[in-house]
Amino acid sequence: MSSAVIFPAHPENILKGLGKLWTSLGQEEKQQGKPTVLRACAMTLIVATDEADSGFAASQTISELMHSHPARGIVLAVSPDAEKSLEARVLAQCWKPFGKAQQICCEQIEITARPQSWPNVGPTLVGLTVADLPVIFWCRHKGALRQAATKEEHAGLEAITSLATKIVVDTHDMPASEAVTLIERWQARERVVADLEWTRLTPWREPLAHLFDVCEYKLADFHSIDIEYTDERPTMAALYLAGWLSLYRPKVSFRRVGGYLPGVHRVTFHSDSKTIDFARTGPDSAVLHSASGRECTYNFGEPAVTALMTEELALMGVDPAFNAAFARVRELLLDTP
Amino acid sequence: MSVVVQPLPEVNPLQDPLRFSRRVPPCAIVIFGASGDLSKRKLLPSLYRLFYERRISPSFAVVGSSRTPMSDDEFRRRMVDSVSKFLEDAPFDKEIWDSFAQCLFYVPGDLTNPGSYDDLRNKLDGIEKSHQTAGNVLFYLSTQPSHYAEAILELGAHGLNRGNGWRRVIIEKPFGHDLLSARKLNDEIHKVFLESDVYRIDHYLGKETVQNILAFRFGNGIFEPLWNRRYVDNVQITAAESIGVEGRGGYYQEAGALRDMIQNHLSQVMATVAMEPPTIFDATNVRDERAKLLRAVRVVKPEDVPKHAVAGQYGPAKVGGEDLPGFRQEPSVDPQAQTDTYAAVTFFIDNWRWADVPFYIRTGKRLPKRVTDIAIQFKAPPLGLFTQETKGGLRAARPNLLVLRIQPEEGISLRFLSKSPGSGMRVRPVSMDFNYGSSFGERTPTAYETLLVDAMSGDPTLYTRQDMVEASWQIVQPILDVWTNTKFDFPNYAAGTWGPKASDEMLARQGHVWRIP
């Protein structure tokens, strides 16, 4: 169920639209004589997209995310084709858990802005965040994230980040130095920052970490680590993995190889007498060869963006492991000629 | 003067507790009764699921043991069928299974044959080296309860209770069939294992929503001030099943509802609802408080049993166009059986918090629906200022009801009065709902997954301790004794109804009625 276009997109107009939406959902309940709708909200989730991201189905993604993290979703689409400078629409995203009679509904606000109006979205958003709950800003607006962003793009981005409890970004397609500068800038303002490139590493990191629960293995015994990747250059994922593993300052080397999927392909630890190897063996699997010669197969598909966001939305505070790895990535970049 | 500095335990610098599941140390799990139903339906599917989710260490092995002769490969083949069939809300992946299957082994043997334990020891020694299980072994007794003591004594006699790592034992319910047998079993177990290594499983405590009771009570500041005799009128705990004995007539005939549900699961749930806050959240403190609560439950005098407990047995009925048999018509059941398929008990907790507040517990088979919940009925406001749009009666007088739903729609509901729209000051009850499934959309682990991980990690918080088991037997024993010597006029409720009339009368004597869940 969705509303007509709301213009001008003042917060009070949009909130009035939401009020009407819930009233109409309540009418259905009245007709059926029993509760049919449960309103759920645990946060405000702002997703900003631009023209370069036009293939991304923001509404669909939010509706999938709300199964785990019900939220007031605000989709902010910047497009030169927008009919008006800034307009909005409200809708309810509902789903019915299997076998249950009641639908779970979350509200969603879609705001469309022309590029020149992008710096003005901040004041609209201020009035739309849900009181007393965290505000997550998932920035997919590639233009505003570029180092060469215009002054307007930069101002718009700053206005939204100032509202956010946590900022989520995906640096997969960014040059590493640019990604580091961006995250550093947000961290300097004491924002909690998450990078989906780091989140992609959880399936790699967890089995590797478990290996070192066995007392015979000590990370310090492994003097060198080889990381193979499939992209043109080491992406932030490869660098994060190196940063995370190089706690005892082993020699880290990177190598480009062919593989099944973009990103990290293999990680190998070398000590004087032992080798640990963890590599993708297909698009959906990876095999870990431990130093004792045993091998273990893992379910290892490319995580969908909803799975990555689900993991990130479960963590609202500071992520010490990410911060430590990120700090080490900066050093690795400085060390690299 | 010299100071001896104890080395600190090795900390794995790569662990990330924010994102990774709780670490489970390397270990081998020995399942006695590996060809039984519990293994096939619950244990192996749970272990596979934990493996699939990378929640158990790669240095891990399962050794199944039962009388059926078979090889490791045959055991693996049999288990693949069970796991793929009984996985709950989870996909089966052939490649992951192949990797998991490398960790499965089998030792044929009879629990009464000492030679079997030598075979088991040899197998475990080999696995310790090949799978780097660090000598840690968790024994799981999923056999006939009558074999528990013997199996444990044999483990001790063959030195399997000690080794290079830790040794623990999980014991399935029933833990004894009365107070005396439970004490005797405890004594036998303690000849071989320390109490800290004994994990008595009560799968109800592993349910997410039962654990959530602790989070709800002690993680929030607003409920606990109301959680006492000053504000609570009565508490009703219901565990209803719509099915009958489903082919377990032989077993159930000996057990009955009071033994099967109230002595263990529901008394533990009552303890969780009513216990005092622990000073810190750890196994010892949580279990101390549960045990203290159970010890505070008033033991009913034999002459008061008819006033405080009601036994029932379902008779035949037609439900939904289907003819349902009575209990006595079920296969393997004595046509004159005096078994209670329904039990309702009023407990009083003699402590400062709960004195004189009745805790009503009921459980039964062939009730109208499958539901387990806990209802906290709060007292009425001191003055009734408003007219309610209800049918009247006792329940209407006490509008505030907090319901903790354990299954099937896990969640919490709070009922309160609200003004009806329109002119005039008429009020009606409305409900504020928290739905566990919708607020946390991710798949919740099954009770067995939770409990297995806890036992492997050495966390007994959700397991029952010797004193808790004995205290819960203590409160049901007088009822069992009286019922054993009573000739009941069974059946006294029809399948598909909410139990015998006497159960309603038990509450009516206190001015209460059973709510309909």
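FYI, side chains are in, hydrogens and waters are out, and symmetry mates aren't considered; it's all heavy atoms of this structure. Chain A is the first sequence line, chain B the second, and so forth, proteins listed ahead of strands; every chain is numbered from 1.
For chain B, no part of A:F322 is nearby; none of its heavy atoms comes within less than 4.5 Å. Residue contact with chain B, scored on non-hydrogen atoms closer than 4.5 Å, is absent for A:D284. Residue A:E64: no heavy atom, backbone or side chain, is found under 4.5 Å from chain B. Looking at A:S285, the atoms closer than 4.5 Å to chain B (heavy atoms on both sides) all sit in the side chain, from C-beta outward.
Of the possible polar contacts, one joining the B:N12 side chain to the A:A209 backbone as a donor-acceptor pair under 3.5 Å is found.
Between A:V287 and B:S99, every side-chain heavy-atom pair lies at or beyond the 4.5 Å cut-off. At least one side-chain heavy atom of A:L219 sits less than 4.5 Å from a side-chain heavy atom of B:L14. The shortest distance between side-chain heavy atoms of A:E312 and B:R19 falls below 4.5 Å.
Here the straight-line distance linking atom CZ of B:F51 with atom SG of A:C296 works out to 3.5 Å at 0.5 Å rounding. Note: B:D16 CG to A:L201 CG = 11.0 Å, rounded to the nearest 0.5 Å. Of the inter-residue distances, the one linking B:F20 atom CZ with A:R205 atom CZ reads 4.0 Å to the nearest 0.5 angstrom. The structure places CZ of B:R54 at 8.5 Å from OG1 of A:T202, a figure rounded to the nearest 0.5 Å. In this structure, A:Y298 OH and B:D93 CG are separated by 13.5 Å, a value rounded to the nearest 0.5 Å.
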